[in-house]
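Reading through the structure tokens given below for one structure.
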Amino acid sequence: MSADYQVHGSVAVITLNNPPVNGLGYATRTAAVEGIRRANDDAAIKAIVITGAGKAFSGGADIKEFNSPKALAEPTLHTLIRVAEDSAKPVVAAIHSVCMGGGLELALGCNYRVALPGAQIALPEVKLGLLPGAGGTQRLPRVLGLEKALNMIVSGTPALSETLAGSALFDEVFAAGTELVPAAVAFAEKIADVRPLPRVRDRKVDYPNHEAFLQFSRNTVKAVAGPFPAPIECVETVAASVTKKFEDGLKFERERFLHLMQTPESKSLRHAFFAEREASKIPDVPSDTPVRKIEKAAVIGAGTMGGGIAMNFANAGIPVTILETKPEALERGIATIRKNYENTLKKGKLTQEKFDQRMALISTTLDYEAIAQADIVVEAVFEEMGVKEAVFRKLDEVMKPGAILASNTSTLDVDRIAAFTKRPQDVIGTHFFSPANVMKLLEIVRGKETGKDVLATTMALSKKLKKTGVVSGVCDGFIGNRMIEQYSRQAGFLLEEGCLPEQVDKAIEKFGFAMGPFRMIDMAGNDISWAIRKRRYIEKPEVSYSKTADLLCEMGRFGQKTGGGWYDYKAGDRKAYPNAAVNDMIVKHSADIGVERRKISDQEIVERLVYALVNEGALILEEGIAQRASDIDMVYLTGYGFPLFRGGPMFYADTVGLPNVLASVERFARGRHGDAWKPAPLLVKLAAEGKGFNSR
């Protein structure tokens with residue numbers, strides 16, 4: 001059983017017990033229904049209390065049962081709520097810590113609700129592209145009022161229980177420090193004989209001129225919902241709490257919930273939700289693997305990346321020392337960090353106390369000996385193997401035994417870097433994304449000799465730093481940059497064949513990307529990719545690239561930092577302005593290489609860019625560089641601006657259908673630069689089997 005039944009005098013106490021958040025899975029629902037019925041059958045019982053064990057009342061549906069038959073098995077959540085609502089004896093929900101989703105809907109089905117302060121109250125279904133499907137849209141407005149309930153449901157944002165005290169949601173919010181169960185039992189004894197039993201469903205939603213408010217809400221929500229249908233559906237179902245009878249409103253809510261379940265946007269959001277949780281699981285590293293203590297950190301390099309990485313440690317309360325070779329480099333780095341924090345302070349997102357604390361956690365040094373006792377050191381120096389070698393040989397010499405030696409390399413061979421030390425088991429790649437203090441993604445690169453405890457420690461650290469850690473094997477560019485190279489190659493070929501940067505960027509941004517390839521590289525710096533291409537020309541002379549990017553760099557146009565790249569930029573303005581000279585260079589280059597420019601559709605642009613990612617992703621998956629397709633999706637959702645409502649490149653390919661993706665890849669393979677389009681064997685295999693990357 002996953003709900004406990006105890007008797008306290010004349011009160012039955014049913015405790016939901018399904019760690020970690022008492023998800024309302026099949027066993028929990030069954031036990032709760034049986035507990036309510038048992039209490040009703042016992043003449044000695046006058047009232048019932050439902051509460052939650054551990055650190056939650058209930059977080060809602062059991063995510064382990066999503067998309068499984070158990071999720072819909074009787075008793076469903078609807079049945080449990082109906083049993084509580086129809087109980088002949090009063091049912092009191094005793095809430096603490098977390099009461100969300102189906103947990104809140106269950107509480108709303110009880111006759112009374114009492115709570116401790118500090119409990120997080122929410123209906124967060126909209127964040128999965130859904131709406132509350134067990135009466136939440138009909139009952140919450142009846143206790144909080146139309147406006148407050150609508151705001152909570154459309155945003156999915158939690159409210160603290162004490163801020164809702166005084167509303168009809170809670171009959172009592174106890175004082176801090178109160179022992180919940182005895183207080184709830186005393187409350188239950190007090191109301192045990194009150195009749196008729198109050199039911200939320202019997203309350204009316206009274207809001208003067210509700211038509212005008214609801215129309216205003218529709219207009220407001222449509223303006224900010226973007227491609228997601230759930231927020232406006234939330235408005236319509238909440239509107240039904242005013243305009244329809246309760247049962248009709250419930251029926252309407254169920255219809256809209258089932259409709260949203262089938263939308264690609266909700267499927268994408270749910271895929272991302274589970275993908276983020278799966279990413280932290282490493283098949284051959286048990287969850288109980290011992291982790292090393294990370295109490296002190298060090299960063300080598302005070303540039304943009306080094307400073308951003310140091311801020312991550314400070315934000316997590318971990319003291320960090322930045323090492324540089326020259327005092328002026330340290331001064332510039334600290335000044336940038338201070339400015340970043342000051343900007344956050346001005347926006348009201350950081351208190352002066354936190355500002356002072358974080359700055360105090362960051363120290364600087366010019367001496368390697370000063371960082372010798374750090375538990376982890378992250379190298380963030382220039383992306384060149386000779387520079388990395390010098391740093392890691394020195395780290396091997398000075399760092400204490402057991403220190404983790406991490407490299408922020410974005411493309412280089414972590415195994416070669418590890419070989420510069422006598423402790424390869426302590427070496428790992430930690431590829432942060434720029435700006436490192438903002439971007440969620442952390443590619444954790446596992447070398448062939450990286451210790452399992454080092455891997456487990458780094459994954460745990462990623463969570464402490466509030467990053468989404470994704471494990472990658474060693475290859476040139478790892479997961480993200482290896483794939484983006486194929487995407488960028490296609491963007492370059494499109495320029496040669498007839499596009500200009502603005503058309504390519506607009507097409508992929510309309511598809512949903514945060515930024516097109518040319519705006520993206522202007523932000524990152526065209527000189528960085530130029531250096532990588534120069535290395536490729538030597539190491540992989542058989543791989544072709546458009547020369548337009550080289551010609552751009554030869555013009556001295558490295559992007560935003562030089563005021564011009566593919567576009568022009570004005571001081572204090574990040575807007576990209578097309579440049580006539582750049583566009584002329586592109587057109588002239590097409591003529592110089594004998595390519596007749598043609599009109600290219602936005603559909604072709606999107607397919608070539610996205611399917612280039614997918615095809616390379618299939619190779620990465622087949623080679624075991626990525627553990628699972630959803631890990632690739634997480635890399636692109638959290639690090640490269642892939643549209644969340646499309647679920648990531650591999651999930652999007654599954655949505656389109658792999659036979660359709662393969663047909664396009666084969667068509668492109670017959671065109672110009674067809675050598676870039678050799679279909680990945682895994683794509684061919686899964687398309688033939690009628691499977692998807694995420695279903696294999």
Side-chain angles (χ1 to χ4, degrees), residues 411 476-477 479-522 524 526 528-530 532-533 536-537 540 542-552 565-566 582-583 586-587 589-590 593 595-620 632 635-636 639-643 646 648-650 652-653 656 660-680 683:
T411 56
D476 198 332
I479 296 171
N481 281 345
R482 175 171 159 183
M483 289 169 64
I484 207 72
E485 185 165 1
Q486 301 310 316
Y487 171 93
S488 300
R489 283 178 76 202
Q490 288 304 315
F493 297 150
L494 284 163
L495 294 187
E496 292 183 350
E497 294 169 36
C499 291
L500 293 174
E502 191 177 18
Q503 184 194 353
V504 176
D505 283 349
K506 281 187 173 177
I508 200 70
E509 287 164 14
K510 188 178 177 184
F511 175 78
F513 269 77
M515 197 177 286
F518 298 107
R519 286 178 61 215
M520 179 185 72
I521 200 63
D522 269 358
N526 289 288
I528 296 170
S529 53
W530 194 22
I532 293 170
R533 284 193 304 279
R536 295 282 192 274
Y537 296 152
K540 297 181 179 178
E542 73 283 359
V543 178
S544 56
Y545 294 86
S546 168
K547 295 293 183 188
T548 50
D550 294 355
L551 294 170
L552 183 80
W566 293 104
V582 170
N583 290 347
I586 291 166
V587 173
H589 179 65
S590 298
I593 60 174
V595 173
E596 186 178 342
R597 294 177 68 80
R598 63 184 175 88
K599 187 175 174 63
I600 298 176
S601 69
D602 285 358
Q603 181 180 343
E604 181 182 339
I605 293 169
V606 168
E607 287 185 351
R608 283 175 63 173
L609 295 180
V610 175
Y611 294 169
L613 293 175
V614 171
N615 198 48
E616 194 67 22
L619 291 171
I620 284 170
I632 296 173
V635 166
Y636 268 79
Y640 291 87
F642 197 95
R646 298 194 190 276
M650 310 314 278
Y652 176 70
V656 171
N660 295 325
V661 175
L662 178 59
S664 294
V665 168
E666 289 173 336
R667 185 174 76 254
F668 299 144
R670 294 191 292 271
R672 187 171 177 276
H673 285 299
D675 56 305
W677 286 107
K678 184 179 179 184
L683 172 60

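The model shown is predicted, which means the values in this text are computed figures rather than measured ones. Sequence positions, counted from 1, serve as the residue numbers for this chain.
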Exercise. Would you confirm whether Asp505, through its side chain, and Arg519, through its main-chain N or O, come within 3.5 Å as a donor-acceptor pair?
Key: yes

Quiz prompt | Where Ile586 and Cys499 come nearest, the two heavy atoms and their spacing | solution = CG2-O, 4.0 Å

Quiz item: Backbone N or O of Ala612 within a donor-acceptor pair of the Tyr487 side chain at under 3.5 Å?
Solution: no

Practice problem: Apply side-chain contact (heavy atoms from CB on, under 4.5 Å) to the pair Tyr652 and Phe511, showing each step before the final yes or no. | Solution: CA-CA 12 Å; Tyr652 176 70; Phe511 175 78; 3.6 Å; yes

Self-check item: Any Tyr611 side-chain heavy atom under 4.5 Å of Val656 side chain
Solution: yes

Practice problem: Decide yes or no for Val582 and Leu500: does some side-chain heavy atom of the first lie under 4.5 Å from some side-chain heavy atom of the second? | Solution: no

Self-check item: Whether Trp677 and Phe668 hold their rings parallel, tilted or perpendicular, with breakpoints at 30° and 60°
Solution: tilted

Practice problem: May I ask you to decide whether Glu616 forms a salt bridge with Arg489, counting only side-chain N to carboxylate O separations under 4.0 Å? | Solution: no

Quiz item: Among Arg597, Arg608, His673, whose side chain to side chain donor-acceptor pair (under 3.5 Å) with Glu497 holds?
Solution: Arg608

Quiz item: Around Glu666, counting heavy atoms of other residues, nucleotides and ligands shown, do more than 12 lie under 6.0 Å from its CD?
Solution: yes

Exercise. Verify side-chain contact (heavy atoms from CB on, under 4.5 Å) between Asn615 and Gln486, making sure each step is shown before the conclusion.
Key: CA-CA 9 Å; Asn615 198 48; Gln486 301 310 316; over 6 Å; no

Quiz item: Can you name the closest pair of heavy atoms from Met650 and Val614 and give their distance?
Solution: CE-O, 3.7 Å

Practice problem: Taking side-chain contact (heavy atoms from CB on, under 4.5 Å) as the test, write out the residues that go with Lys547, two or more places apart. | Solution: Tyr537, Asp550, His589

Practice problem: Step by step, work out the side-chain contact (heavy atoms from CB on, under 4.5 Å) result for Arg646 and Phe642. | Solution: CA-CA 8 Å; Arg646 298 194 190 276; Phe642 197 95; 3.9 Å; yes

Quiz item: Rounded to the nearest 0.5 Å, what separation is found between the OG atom of Ser590 and the CZ atom of Arg598?
Solution: 11.0 Å

Quiz item: How long is the span from the OH atom in Tyr545 to the CH2 atom in Trp530, to the nearest 0.5 Å?
Solution: 15.5 Å

Quiz item: Minimum heavy-atom separation for Ile479 to Ile620, with atom names?
Solution: O-CD1, 3.8 Å

Exercise. Evaluate the side-chain proximity of Val504 to Leu609: yes if any heavy-atom separation is below 4.5 Å, no if none is.
Key: yes

Quiz prompt | Heavy-atom closest contact (Pro501 atom, Asn583 atom, distance) | solution = CD-OD1, 3.7 Å

Quiz prompt | Atom pair CD1/CE of Ile508 and Met520 - distance to nearest 0.5 Å | solution = 10.5 Å

Quiz item: Within a strict 4.5 Å, meaning less than it, do heavy atoms of the Phe493 and Ser544 side chains meet?
Solution: yes

Quiz prompt | Any side-chain heavy-atom pair of Tyr640 and Asn481 under 4.5 Å | solution = yes

Self-check item: Side chains of Leu495 and Phe518 in contact at under 4.5 Å (non-hydrogen atoms)
Solution: yes

Quiz item: Got a second to check how far Leu494's CG is from Glu604's CD, nearest 0.5 Å?
Solution: 6.5 Å

Quiz item: Under a 4.5 Å cut-off applied to non-hydrogen side-chain atoms, are Met483 and Val635 in contact?
Solution: no

Exercise. Give, for atom CD1 of Ile484 and atom CD1 of Ile521, the distance between the pair rounded to the nearest 0.5 Å.
Key: 9.0 Å

Quiz prompt | Non-hydrogen atoms of Ser664 and Glu607 that approach each other most closely | solution = OG-OE1, 3.7 Å

Exercise. Could you tell me which non-hydrogen atom of Pro649 sits nearest to which non-hydrogen atom of Ile632, and how far apart they are?
Key: CG-CG2, 4.4 Å

Practice problem: Show your working on side-chain contact (heavy atoms from CB on, under 4.5 Å) between Val606 and Lys510 and close with a plain yes or no. | Solution: CA-CA 9 Å; Val606 168; Lys510 188 178 177 184; over 6 Å; no

Quiz item: Rounded to the nearest 0.5 Å, how far does CG of Leu683 lie from CG of Leu662?
Solution: 5.0 Å

Self-check item: Beyond-backbone contact of Asp602 with Ile605, side-chain heavy atoms, under 4.5 angstrom
Solution: yes

